[in-house]
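Notes for the one structure printed next.
Any value given below was found using the heavy atoms of this structure, including those in side chains, with hydrogens, waters and symmetry copies removed.
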Amino acid sequence: MRFAVALSALALPTLLAAQYQQGSALRPDQQLAHDVYKQLVEINTADSVGSTTVAASAVAKRFRDAGFPDADIFEGGPRADKGNIVIRYHGNASGARKPLLLLAHLDVVQALKKDWSPDLDPFVFTERDGYYYGRGTADDKAMASIFAANAIRMVREHVVPDRDVIIALTADEEGGGNNGVDWLLKTHPQLVDAAFVINEGGGGTLRNGKPLFNGVQATEKVTTNITLRATNRGGHSSVPRPDNAITALADALSKVGRYQFPVRFNEVTRGFFTKTAALETPALGAAMRALVANPRDASALAVVAADPRYNATVRTTCVATMLSGGHATNALPQLAEATVNCRMFPSDTPEVVRASIERLINDTSVKVIARAAVAPPAPSPLLPELFDAVTGVTHELWGDVPVIPVMSTGATDSRFFRALGVPAFGVSGLFSDPTVDARAHGRDERMRVQSYYEGQEFLWRLTRALTSRGAVP
């Protein structure tokens, strides 16, 4: 089953509602995106068992077949299985504008077939009931395939932008120790030197099947992992004592689990809540405005924080994610450990978070150990060039849908560019309903078929708008 998206260059929102008819053929550029998407999803690129090099090579072949010269295709990485690919599409150099970088990662979080629904395989691209299923369909092979297909479309349609367009598809964004963006910036910075970056992290929000707003990620939380470690001399379990490593750890974790970090705002989140207030219920909207006006308003905070997504947007969060302890059923534990995953608000630092947890636990028998982490970089400036283009294309495709700057609660590779002062934005035009489609990293990950092709059209028009002064996308 296929869904058609017969979008003209000046498509109106009223046309979009009738675009998705079952059994219709895809346009050639959509078929290409579909084929790249399927190919990437079916290549296992999980850190522990997969290879991003295989995926990068597959994309490189498509670019070579489309006529890209080898000089404009870079393949490389720190390890044989950690390949990255960077492609440069040359524009009219007379404009002398720095390039636009389109960034997506090829790696995915590990997925096991036994953990998914019986009729789904995480590494088999499956279309069903208006969705594409498979590991990476949402995070992040949708954008990777769209960027690749749209670049090839530029070649086929002989588009000449007024700046170079760089497409970078990279390794280990999800972890694994060989982050492709970090490696490229340290070893081949000239390949990804750009005016600004378009990446994952943003996207549209659906409510009751209709677009609510289109989010542009301009800042993000950064992860720091903290180990809580309780040790003890142990002994025979038949002679228990008050000092017990597992009990001490459990007490510490209960304190962490109940703790709420202070409310924080920055330019991005303040704008997010101010604009989102107009889209929410009157009670929630009023609470959002009150909290922006006074972050110490406990009544307003209680209403806003009742939604876990909004709660995670106003503060640093720390949550226990892994646990181990003891060595025998008949022995007192000598060691108990837990990993606490913290997502830091950009104004916090790893040491501030670690020290806060240490004071909270207030138990010298439990060590609080922060793993190596960097402080979150400053938010990207809300560039009019970017936001005007996003707003224009959003209104072309979906009507009077607001564009709102957002802070993502998860980390992306944009942080590496922001740390260097290069503006980076999460924007995709891929709409989803967070109440039913928030499946990235989890079971039965999926992407709405309609959203995929709308996102492809959005990113095509946005790329044209950002690389063609005065041109109609």
Pairwise distance [atom1]([X]) to [atom2]([Y]) - rounded to 0.5 angstrom:
X: Glu396; Y: Arg461; atom1: CD; atom2: CZ; result: 5.0 Å
X: Phe425; Y: Leu462; atom1: CZ; atom2: CG; result: 11.0 Å
X: Arg343; Y: Thr317; atom1: CZ; atom2: OG1; result: 7.5 Å
X: Phe261; Y: Ser356; atom1: CZ; atom2: OG; result: 5.0 Å
X: Leu102; Y: Ile146; atom1: CG; atom2: CD1; result: 11.5 Å
X: Leu40; Y: Thr52; atom1: CG; atom2: OG1; result: 11.5 Å

Heavy-atom side-chain proximity of [X] to [Y] below 4.5 angstrom:
X: Thr224; Y: Arg371; value: no
X: Asp29; Y: Glu157; value: no
X: Leu291; Y: Tyr310; value: no
X: Ile166; Y: Leu191; value: no
X: Trp460; Y: Met154; value: yes
X: Glu42; Y: Phe123; value: no
X: Asn214; Y: Ile404; value: no
X: Arg64; Y: Ile73; value: yes

Electrostatic pair [X]:[Y] at N-O distance under 4.0 angstrom:
X: Arg207; Y: Asp433; value: no
X: Arg415; Y: Glu220; value: no
X: Lys82; Y: Asp107; value: no
X: Lys141; Y: Glu173; value: no
X: Arg88; Y: Asp164; value: yes

Kindly say whether [Y] contributes a backbone atom to a donor-acceptor pair with the side chain of [X] at under 3.5 angstrom?
X: Thr137; Y: Tyr133; answer: no
X: Gln30; Y: Arg27; answer: yes
X: Ser468; Y: Ala465; answer: no
X: Glu445; Y: Gly136; answer: yes
X: Thr170; Y: Gly180; answer: no
X: Arg439; Y: Val436; answer: yes
X: Arg135; Y: Val108; answer: no
X: Asn84; Y: Gly76; answer: yes
X: Thr227; Y: Arg229; answer: no
X: Thr269; Y: Phe272; answer: no

### Query
Would Leu253 and Leu228 satisfy side-chain contact (heavy atoms from CB on, under 4.5 Å), going step by step from the backbone distance to the final call?
CA-CA 8 Å; Leu253 287 174; Leu228 303 186; 3.7 Å; yes
### Query
Between Tyr132 and Tyr37, what is the ring plane arrangement, given parallel below 30°, perpendicular above 60°, and tilted in between?
perpendicular
#### Entry: Aromatic ring pairing Trp398/Phe458, orientation class (parallel under 30°, perpendicular over 60°, tilted between)
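Answer is tilted, since the angle falls between 30° and 60°.
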What closest approach, in Å, do [X] and [Y] show between heavy atoms, and which atom pair accounts for it?
X: Pro379; Y: Asn266; result: CG-ND2, 4.0 Å
X: Leu206; Y: Pro211; result: CD2-N, 3.6 Å
X: Leu430; Y: Ala142; result: CD1-CB, 4.1 Å
X: Ile152; Y: Arg62; result: CD1-O, 4.0 Å
X: Ser428; Y: Gly202; result: OG-O, 3.8 Å
X: Leu459; Y: Asn150; result: C-ND2, 3.8 Å

### Task
Given side-chain contact (heavy atoms from CB on, under 4.5 Å), test Ile85 with Ile87 step by step and report yes or no.
CA-CA 7 Å; Ile85 180 169; Ile87 304 101; 3.6 Å; yes
#### Entry: His105: which of Asn179, Asn199, Asp139 passes side-chain hydrogen bond (donor to acceptor under 3.5 Å, both in side chains)
Asp139
### Message
If the test is side-chain hydrogen bond (donor to acceptor under 3.5 Å, both in side chains), which one of Lys221, Glu200, Gln217 qualifies with Ser408?
### Response
Gln217
#### Entry: Residues in ring-ring contact (aromatic ring centres under 6.0 Å, His included) contact with Phe387, at least two apart in sequence or another chain
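With sequence neighbours excluded, Phe387 shows a ring-ring contact (aromatic ring centres under 6.0 Å, His included) to no residue whatsoever.
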### Query
So among Asn341, Thr339, Val340, which one has a side chain to side chain contact (heavy atoms under 4.5 Å, CB included) with Met322?
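Filter result, single survivor: Thr339.
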### Message
Does Lys255 have more than 12 heavy atoms from other residues, nucleotides or ligands lying within 6.0 Å of its NZ?
### Response
yes
### Task
Decide ring pair (Phe, Tyr, Trp, His ring centres under 6.0 Å) for Phe125 and His34; before the verdict, give the C-alpha distance in whole Å, the side-chain angles of both, and the deciding distance to 0.1 Å.
CA-CA 10 Å; Phe125 186 75; His34 169 278; 5.6 Å; yes
### Task
Verify side chain to side chain donor-acceptor pair (under 3.5 Å) between Gln31 and Asp35, making sure each step is shown before the conclusion.
CA-CA 6 Å; Gln31 186 64 57; Asp35 294 347; 2.9 Å; yes
### Query
Under the side chain to side chain donor-acceptor pair (under 3.5 Å) criterion, do Asp348 and Thr316 qualify, and how do the steps go?
CA-CA 8 Å; Asp348 282 336; Thr316 290; 2.5 Å; yes
### Task
Tell me, please, whether Tyr131 has Arg446 positioned over its six-membered ring: NZ or CZ under 6.0 Å from the ring centre and within 45 degrees of its axis?
yes
### Query
So Asp162 and Arg97, salt bridge (Lys or Arg N to Asp or Glu O under 4.0 Å) or not? Walk me through it.
CA-CA 7 Å; Asp162 69 357; Arg97 294 209 288 169; 2.8 Å; yes
